[in-house]
Amino acid sequence: MSEPEVVRFDFEDGIGVITVDYPPVNALGPGVREGIIAAVEKGNADPNVKAMVLLGAGRSFIAGADIRQFGTKRPVFKKTSVEVLDDATKPTVAAIHGFALGGGLEHALACHFRIAVPTAKVGLPEVLIGILPGGGGTQRLPRLIGPKAAMEMIVTGRHVPADEAKTMGIVDAITPGTNLRAEAIAYAKAVIAEKRPLSRVRDRKADASAEPGMFDAMRKSIARKARNQKAPYHCIACVEAAVSQPFDEGIATERRLFSELENADEAKALRYAFFAEREVAKVPGAPKDFKPGKIKTAAVVGAGTMGGGIAMSFADFGIPVKVLEVSRDVLEKGMQRVRDNYATSVKRGSLKQSEMDERLKRFTPVERYEDIADCDVVIEAVFERIDVKKDVFAKLEAVMKPGALLLSNSSAINTDIMAGMTTRPGNVAGAHFFAPANVMKLFEVVVGSKTSVETIVRTMQVGRDIGKISALAGTCDGFAANRSRAPFQTEMMLMLEEGALPEQIDKVMVDFGYPIGPFAVSDLSGLDIGYDTRKRRAAENPNFRKLPVPDRLVEMGRKGQKSGAGWYRYEKGDRTPHPDEVVKSVIADVARELGIEQRQFTDDEILKRLLFASVNETCKILEEGKCLRASDMDVMWLHGFGFPRYRGGLMFWADGIGVKEVYRQIEEWHQRYGARWKPAALLKELAESGTSFREAKPKVPMFTV
Ligand code: 3HC
C-alpha cells in the first residue's frame, strides 16, 4: 500500500486547491513542505489555474513545524515552501480554520490573501518552545501589522482569535466556514474578477519611527520573567532587524539567531515540557474508544477557601456548580469569599465586571445533599479529618445518581477510606487541587485500589475541562507531587541549622528560575501549616527529626505575612521581605543547642541539596508505581511548584547533570547525613545501568485494567 499523500493538489473552477492532510494537526512533518512546493509549482505551470488556495484537512490549518524534527537533520531546500509561495505567479489565498501557528502562520503570511473562520486562532508561539519564528515570521508579521503589535505577539507567543486577527490586519476577511473550501474558492475567484492588486508582505516596510524606544522598553518589561532565557530577546532582535534591515538581510538575521537557539538547553527543555504535557494525559490501558464527554454540572461539598476555589474553577470554565454547606452561615461566608475574589480580579483589570456576573450566575449555593444528587461530578473539599470525610462520602453514597464521579480533594487521606463508605468504589478517586485552586494548574488524580479505569479517564478529563493539567498519582502519604517535594522542604530547614540563611537559599532558587524563593513562599502560605503535622508526626514516631527553627518561629507568633513576620520581617502594608536579625539568632541558638557547627554554603550545594533530595524521593515514588513516568513528575513540578519551565522539570534537569553523578552525590550525603539520604533502589539501578531518569519505568503498576 502506498503512503497516504500528505499534500493534495486538485483543481476546481479555475482554482488550484492545495490541501495539507497530515493528522492530527497538519504539522509541517516529513513530506509536507515538499508537497506544498510541488503543488505551488504545478499551479504556477498550469495555464488553467488562475489562483490557488492553501488549506488544511481535518481540525486545523497548519499547527507549525513538526516539533519532533527539531534537533534532528532536516532536508535543506534550494527554495523553501514559504519562498515558493512568496514567488507564486498566481494569486494565493490561505484559508484558515483551527490553528495557524508558527510555520503555519508563516505559510499564510507568504500568501497574497488570508481568510479565516470565526473560531480560528493564529499565532507565532515559537518562543514557548525556546526558539523564534524561523520561516520569515519575524520579518513578515512586523511588515504586515507594525513592529509593536508583531513583537508583542512573537514575544508572548499568544494565540490571537480570528476577529482580533482581522482587526490587526493579519487576516483580510472572516468567512463563515460552513464550507471553507467553497468559500475559499469563491474568495479566490473574486480576487481574480476584481483584479485585486497582488501585494506581497515582504515588499512592505516595517516602521518604528513613531516609537523608537519600543525595543528597549520590551526588553526591560520582560527582564524578570525571561531571566536566564535567550529566545525572547532573540525574538525582539529579529523584529528590530525587520525595521532596520532590508527583507533578505532580515531573513539572514532571523536564520542566524534561530540556529543559535534550536539546540540550546533552553529549547531542548521547552520541547521536552511540551511533549511531557501531552504524555501526562495518557492513561495506559484505557479503552481506546472510551471518550468521556464534557461534564454538564458539578458540585463541591465545603465552601471553605479550597472548596470556593474549586467551585470557581468550574464556573470559570462555563460549568454550573452547586456549592454545598450544611451551615447557612458558613455557606454565605464562602460565597462572599468567592465574590470578593472575583471583585479583586475586576479591580486589577484581569476580569470584566460582565464576566464576573456571568460566572457568579453559574453558582448555586445549597444546604441539602439531595440538592446535588443529579450532578455529574461531586468534589468533596471539607475539613481534613477522616471522620468528617467518611461522613460526607456516606451521604454522597445515599444521594448521588448512578455513574456520578465521587471525588475527594484530600491532600493526605487514603482515597480507599472514602471509597469504603460507598457501594461504588470504582467511581471514587482523589482530585487533589493545589492552592489557590482556581489559579494553580496542577490537578492530581489520585487512584484508589478500586478506582475503575473509566473513572480515571473521566476524572482526568474533568481536570482538562476546567483548564487544568491532570496528572495521575497512586495513593501514598502526600500522593506523588507533595511527597516528592517534602524532602526539599526538610533540607531547606536543615541547611539553616548548618549555616545557610533563608535569604541566601531564596536567592539561589530565584536565580535558578523560581518566581519566588521557598522561604518567601512559606511566609505567604503560613509557617503554621506544617507545624501541626510535625507535632503529630513527632508524637507518633520517636525517631522523627524535629525542625526546631520553624517550630520556634511559629511559637514566637511569626506565622508569615499574615502576622507581619515569619522567615522575613515586613513593614506595615508592604509585602517586601526584609532579612531579619531575629531569625538569624533563632537559627544560631538552635544550632548551638544541637551542637551543629555553622559553615558557609555554596550556591551549587544549596541547589543540589534541595533538588537532589526530591530526585531521590521521586525515584522511590516511581519504584512503587505511585507515579507513571518521570516526565509526569516534571509536569507536576512545572504546574504545582513553579519549577522553571525552561529547565524542563525536576527529573529532566537531573538528567542534564547525569544519573551517575546524582547517585554519587546522594551516596556521599548518605554517608555524611545518614538514613534520610539513602539512595532509592531505582536510583542505584539507573546509575549502574547508565539509564536516564526519563527512561525509568515503575516497578509495580499503579493500577490494573
Ligand atoms: N509538531 C509535532 N507534533 C505536534 C505539533 C507540532 N507542531 N503540534 C501538536 N502536535 C501533536 C501533539 O504532540 C499531540 O500528539 P499526541 O496525540 O501524540 O500526544 C497531537 O499533535 C495533538 O496535539 P494537542 O494534544 O496539543 O492538541 P490540541 O488540540 O489540544 O492543541 C495545538 C492543538 C494548539 C495546535 C497544540 O498542539 C500546539 O500548541 N501545538 C504546537 C504549536 C506550535 O508550537 N507551533 C510552532 C512550532 S515551531 C515552528 O513552527 C517553527 C517555524 O517557525 C520554523
Side-chain angles (χ1 to χ4, degrees), residues 295 297-315 319 321-338 341 363-401 404-425 427-438 440 443-446 448 451 455 459 462-463 466 468 473 475 477-479 482 525-526 528-530 532-533 536:
I295 47 157
T297 51
V300 178
V301 183
T305 309
M306 203 64 186
I310 295 171
M312 285 171 78
S313 306
F314 284 99
I319 301 168
V321 60
K322 292 183 177 171
V323 181
L324 171 71
E325 262 294 351
V326 280
S327 142
R328 178 164 301 179
D329 190 35
V330 180
L331 184 57
E332 186 33 50
K333 273 200 189 116
M335 283 307 300
Q336 191 52 46
R337 198 177 305 114
V338 167
N341 282 342
F363 281 79
T364 311
V366 297
E367 291 168 47
R368 299 174 327 144
Y369 277 80
E370 291 75 10
D371 297 331
I372 62 168
D374 60 345
C375 289
D376 298 329
V377 53
V378 52
I379 300 187
E380 163 281 304
V382 298
F383 193 65
E384 195 78 349
R385 244 179 43 202
I386 292 183
D387 53 338
V388 182
K389 305 251 179 205
K390 279 168 88 168
D391 182 52
V392 168
F393 272 79
K395 290 185 171 128
L396 294 177
E397 160 67 18
V399 301
M400 294 309 293
K401 71 176 179 187
L405 283 176
L406 312 184
L407 308 179
S408 167
N409 174 53
S410 172
S411 55
I413 298 169
N414 190 327
T415 316
D416 288 346
I417 296 177
M418 274 81 87
M421 300 305 293
T422 72
T423 56
R424 36 180 150 167
N427 290 358
V428 180
H432 184 202
F433 289 77
F434 292 72
N438 56 318
M440 297 300 288
F443 179 79
E444 203 177 18
V445 176
V446 185
T451 309
T455 292
T459 309
V462 169
I466 54 174
K468 308 284 181 202
T475 299
D477 194 5
F479 312 133
N482 282 346
S525 44
D528 46 335
I529 279 185
D532 290 338
T533 316
R536 177 173 52 79

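Side-chain atoms are counted along with the backbone in the values below, which use heavy atoms only and exclude waters and symmetry mates.
Using modelled atom types, no side-chain atom of Lys468 and backbone atom of Glu444 make a donor-acceptor pair closer than 3.5 Å. A donor-acceptor pair is defined here as one N or O able to donate and one able to accept, closer than 3.5 Å; such a pair exists between the side chain of Thr297 and the backbone of Asp376. Not one N or O on the side chain of Glu380 forms a donor-acceptor pair closer than 3.5 Å with the backbone of Val392. A donor-acceptor contact shorter than 3.5 Å links the side chain of Lys401 to the backbone of Asp374. Counting only distance, with no hydrogens or angles, the side chain of Thr422 and the backbone of Met418 share no donor-acceptor pair below 3.5 Å. A distance-only check finds a donor-acceptor pair linking the side chain of Glu325 to the backbone of Ala303 [under 3.5 Å].
Residues satisfying the salt bridge (Lys or Arg N to Asp or Glu O under 4.0 Å) criterion with Glu370, sequence neighbours excluded, are absent altogether. For Asp387, the side chain to side chain donor-acceptor pair (under 3.5 Å) test picks out Arg385, with sequence neighbours left out. Looking at residues two or more places apart in sequence or on another chain, you find a side chain to side chain contact (heavy atoms under 4.5 Å, CB included) between Asn482 and His432, Phe434, Phe641. Residues satisfying the salt bridge (Lys or Arg N to Asp or Glu O under 4.0 Å) test with Lys390, not counting sequence neighbours, are none. In terms of the side chain to side chain contact (heavy atoms under 4.5 Å, CB included) criterion, residue partners of Asp528 (sequence neighbours excluded) are, by chain and number, Val554, Lys559, Lys562. Checked against side chain to side chain donor-acceptor pair (under 3.5 Å), Asp329 has no partners two or more places apart in sequence or in another chain.
Looking at every heavy atom in both residues, Glu367 comes nearest to Val326 through O-CG1, 3.7 Å. Residues Leu331 and Pro365 approach most closely at CD2-CB, 3.7 Å, considering heavy atoms.
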TODO: Please step through side chain to side chain contact (heavy atoms under 4.5 Å, CB included) for the pair Val428 and Thr455, ending with a clear verdict.
DONE: CA-CA 7 Å; Val428 180; Thr455 292; over 6 Å; no

TODO: Could you give me the CA-CA distance, side-chain angles and deciding distance for Tyr369 and Met400, then say whether side chain to side chain contact (heavy atoms under 4.5 Å, CB included) is met?
DONE: CA-CA 8 Å; Tyr369 277 80; Met400 294 309 293; over 6 Å; no

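For the pair Lys389/Ile417, no side-chain contact is recorded, criterion being any heavy-atom separation below 4.5 Å from C-beta on. Side-chain atoms of Phe443 and Thr459, non-hydrogen and from C-beta on, do get closer than 4.5 Å to each other. Counting heavy atoms from C-beta outward, Leu324 and Val378 have side chains that stay 4.5 Å or more apart.
Rounding to the nearest 0.5 Å gives a distance of 10.5 Å between CG of Leu405 and OG1 of Thr451. Rounding to the nearest 0.5 Å gives a distance of 4.5 Å between CE of Met306 and CG of Asn409. The structure places CG of Asn341 at 8.5 Å from OG1 of Thr305, a figure rounded to the nearest 0.5 Å. To the nearest 0.5 Å, atoms CG (Leu396) and CD1 (Ile379) are separated by 11.5 Å. In this structure, CZ in Phe433 is found 8.0 Å from CG in Leu407, a value given to the nearest 0.5 Å. Rounding to the nearest 0.5 Å places CD of Glu397 at 9.5 Å from CE of Met421.
Taking the charged nitrogens against the carboxylate oxygens, Asp391 and Lys395 do have a contact shorter than 4.0 Å, which makes a salt bridge.
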